[in-house]
Amino acid sequence: MKLGVYNAILHDRSLPQAIEIVRSLGLTGIELNSGGFLPATHIPKLGDVLDSDVARDEFLEQFADTGVSIAGLNCNGNPLHPKRAIGEAHAADVRRSIRLAERLGQDRVVTMSGLPGGEPGATVVNWVVNAWNSAALDVLDYQWDIAAEFWREMDRFAADHGVKIALELHPQNLVFNSADVHKLIELTNATHIGVELDASHLFWQQMDPVAVVRHLGELVVHAAAKDVRVNPEWARLNGVLDNSFRRLGPDEPRTNLGGDEWANEWPKRSAWDFVALGRGHDTEFWTEFLRAIRDVDPGMWVNIEHEDVSLGRIEGLEVASKVLLEADAALQGAR
């Protein structure tokens, strides 16, 4: 398998330093952020790379003889956000990332399907979790019309540049499960839209990531290795949709998500947490996950995404890479 790291956790270091960390972990790829919720920290001269062959070649030279290559681009964001300052900016980042991927010899761009408002003139997103009433289905009909138009155009744009768009099945997006994937493909007749299979968001929804991979098959075009631990003490009381988040103030460290929106503080008594590989599901599970991915495409990238706040940046990558490499070794030994 092709195993790497999503670079967001290494944004505090230079690209050469990040590449060396990935190499030292025994991994061979680094997925680079190219916009959306997070800046393209490791591509500081992105515009120059798009326009100049010299700048592009100088950028790629940083990977020469390192044993580490680019493992896709990532511009996770909300390109359907009803606020123009967010939606239009993130949509532009998706288009720019597709062009950048072609320039860099890449064929995968990871993003999210996005989420519109619930009606014309809305300024905030509206995630319908359980459409038991007719008004909720009216909202979804409106949102799907917006999504279909956008992704139909974006699919053609990706096809023109030889790139596959990999949508992360992330809640608070219109497309967050298998049924939604099929609906988007049917509405758009897309040929260059698929899925980034991030197991973590499937776990807490009580989905089976291995079953989802096998069900979606060739629609899975990229993968993320991130684990989740469900905390029974609080899950049994509040369920996995608990909203006990705390708003962070402007005087506190916080992450901007575009415009005037910010990430909130995670619940202290959380029903579930993102954890490093092995701390939610054991090596045996990750072996089966890799097996399912290999059966779809043995050349697919599987990149670690580290969001375990109980572990340091490098410590978490070390824990995760050990489990992922052990799972890969077990898979190879089972041949």
Side-chain angles (χ1 to χ4, degrees), residues 1-13 15 17-33 37-38 41-42 66-74 76 108 110 166 168-170 195-205 207-210 212-213 220 222-231 255 266 270 272-294 298 300-333:
M1 299 297 299
K2 295 166 66 175
L3 309 178
V5 170
Y6 170 42
N7 76 325
I9 196 64
L10 298 173
H11 277 183
D12 64 329
R13 292 163 169 80
L15 178 58
Q17 289 171 330
I19 290 171
E20 174 55 27
I21 289 168
V22 172
R23 187 203 63 76
S24 71
L25 294 170
L27 307 174
T28 59
I30 183 167
E31 182 180 314
L32 299 176
N33 216 93
F37 291 137
L38 299 176
T41 299
H42 287 151
T66 65
V68 174
S69 58
I70 302 174
L73 302 180
N74 188 306
N76 276 338
R108 295 291 185 271
V110 179
E168 181 178 351
L169 302 184
H170 195 297
V195 168
E196 186 226 23
L197 208 294
D198 180 340
S200 66
H201 293 290
L202 308 190
F203 285 137
W204 71 263
Q205 293 184 79
M207 296 162 66
D208 179 346
V210 172
V212 171
V213 173
V220 178
H222 202 71
K226 186 168 66 167
D227 210 343
V228 157
R229 179 189 62 235
V230 174
N231 303 316
T255 301
W266 197 258
S270 55
W272 58 272
D273 291 300
F274 292 121
V275 292
L277 266 61
R279 304 183 89 189
H281 298 79
D282 60 17
T283 301
E284 183 177 354
F285 169 83
W286 291 106
T287 302
E288 293 309 306
F289 180 77
L290 292 182
R291 188 189 312 279
I293 293 293
R294 185 191 65 183
M300 191 184 308
W301 279 106
V302 181
N303 297 326
I304 293 169
E305 184 175 359
H306 172 32
E307 291 188 8
D308 189 331
V309 297
S310 70
L311 298 173
R313 294 171 184 260
I314 306 305
E315 180 186 16
L317 290 176
E318 290 172 342
V319 170
S321 61
K322 181 176 184 294
V323 171
L324 192 60
L325 288 168
E326 287 176 349
D328 186 53
L331 180 63
Q332 303 305 323

Quick check against the 3.5 Å criterion: does [X] have a side-chain atom that pairs as donor or acceptor with the backbone of [Y]?
X    : Y    : answer
D308 : G316 : no
D282 : F285 : yes
W286 : H281 : yes
N303 : Y6   : no
D227 : V275 : no
Q205 : H201 : yes
N7   : I30  : no
H42  : R13  : yes
H306 : G312 : yes

Determine whether [X] and [Y] make a side-chain contact, defined as any pair of heavy atoms from C-beta on separated by less than 4.5 Å.
X    : Y    : value
R279 : L311 : yes
L32  : L15  : yes
L169 : D198 : no
V110 : E31  : yes
L202 : D208 : no
S200 : W272 : no

message: What verdict does the side-chain contact (heavy atoms from CB on, under 4.5 Å) test give for R294 and L331, after you've listed the backbone C-alpha separation in whole Å, the side-chain angles of each residue and the deciding distance to 0.1 Å?
response: CA-CA 9 Å; R294 185 191 65 183; L331 180 63; 3.6 Å; yes
For the student: nearest non-hydrogen atoms of [X] and [Y], plus distance:
X    : Y    : value
L324 : V302 : CD2-O, 4.2 Å
G4   : L27  : O-CD1, 3.9 Å
L277 : V323 : O-CG2, 3.4 Å
V22  : G29  : CG1-O, 3.4 Å
A199 : F289 : CB-CE1, 4.1 Å
L38  : A8   : CD1-CB, 3.8 Å

Rounded at 0.5 Å granularity, tell me how far [atom1] in [X] sits from [atom2] in [Y].
X    : Y    : atom1 : atom2 : result
I21  : S321 : CD1   : OG    : 11.5 Å
L25  : L325 : CG    : CG    : 8.0 Å
L197 : M300 : CG    : CE    : 8.0 Å
L10  : I19  : CG    : CD1   : 10.5 Å

- prompt: Using a distance-only test with no angle check, is there a side-chain donor-acceptor pair under 3.5 angstrom linking R23 and T28?
  reply: no
message: Less than 3.5 Å apart, any donor N or O on the side chain of E168 or N76 sitting next to an acceptor on the other?
response: yes
salt_bridge(D12, R313) N-O dist < 4.0 Å: yes
- prompt: After noting the C-alpha distance and the side-chain angles of V228 and D273, does the key distance pass the side-chain contact (heavy atoms from CB on, under 4.5 Å) rule?
  reply: CA-CA 6 Å; V228 157; D273 291 300; over 6 Å; no
query: Can K322 and E318 be said to form a salt bridge (Lys or Arg N to Asp or Glu O under 4.0 Å), step by step?
result: CA-CA 6 Å; K322 181 176 184 294; E318 290 172 342; over 6 Å; no
message: Just checking E284: does its CD atom have more than 12 heavy atoms from other residues, nucleotides or ligands closer to it than 6.0 angstrom?
response: no
message: I'd like to know whether W266 forms a side-chain contact (heavy atoms from CB on, under 4.5 Å) with F274, so could you lay out the CA-CA distance, the side-chain angles of the two residues, the decisive distance to 0.1 Å, and finally the verdict.
response: CA-CA 10 Å; W266 197 258; F274 292 121; 4.2 Å; yes
- prompt: Yes or no on side-chain contact (heavy atoms from CB on, under 4.5 Å) for E305 and V5, after CA distance, side-chain angles and deciding distance?
  reply: CA-CA 6 Å; E305 184 175 359; V5 170; over 6 Å; no
